[in-house]
Amino acid sequence: MAEDESIGERVYQLVKDWVTSGRFAPGERLHPPRLKEDANTSLTTIYNVLRRLAIERLVDTGPHEGFHAPAVNEAQLRGVFAGRAPWRSSPFATPRP
């Protein structure tokens with residue numbers, strides 16, 4: 001049983017890294033069969049991981065909607081908070097004193 005838990009945790013970390021790194025476009029549907037192949041695991045493990053990520057609000061889901069990459073990913077948010085927001089370089093941006 002401990003081996004199953006470590007496999008689940010490994011797959012959780014892998015899929016979480018994929019989601020938070022921007023591998024998927026914002027709002028892109030996450031296809032469990034494709035994730036299963038990419039992670040070399042079972043569909044049951046993938047569904048458990050996706051449900052866990054949904055509870056943590058790292059993926060979006062709804063009734064009869066499946067799972068989707070979040071509308072904004074962690075890499076984009078890091079850029080905003082680091083002052084590298086895309087609108088900062090816009091010619092319409094208000095210059096800072």
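In this chain, numbering begins with 1 at the start of the sequence shown. The figures here come from the full heavy-atom set of this structure, side chains too, leaving out hydrogens, waters and symmetry mates.
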Heavy-atom side-chain proximity of [X] to [Y] below 4.5 angstrom:
| X | Y | result |
| --- | --- | --- |
| Tyr12 | Leu53 | yes |
| Tyr47 | Thr44 | no |
| Pro70 | Leu58 | no |
| Leu50 | Leu35 | yes |
| Arg51 | Val59 | no |

Using a strict 4.0 Å threshold on nitrogen-to-oxygen distance, state whether Asp60 and Arg29 make a salt bridge. no
Calculate, to the nearest 0.5 Å, the distance between atoms NZ and CD1 belonging to Lys36 and Ile46 respectively. 9.0 Å
Over all heavy atoms of both residues, which pair between [X] and [Y] is shortest? Give the atoms and the distance, please.
| X | Y | value |
| --- | --- | --- |
| Asp38 | Arg23 | OD2-NH2, 3.0 Å |
| Ala69 | Ala25 | CB-O, 3.4 Å |
| His31 | Arg34 | CD2-NH2, 2.8 Å |
| Val49 | Gly8 | CG2-O, 4.1 Å |

Set of residues satisfying side-chain hydrogen bond (donor to acceptor under 3.5 Å, both in side chains) with respect to Ser42, sequence neighbours excluded: Thr45
Using modelled atom types and a 3.5 Å cut-off, is there a donor and acceptor pairing between side-chain atoms of Glu9 and backbone atoms of Ser6? no
Do side-chain atoms of Thr61 reach the backbone of Gly66 as a donor and acceptor pair under 3.5 angstrom? yes
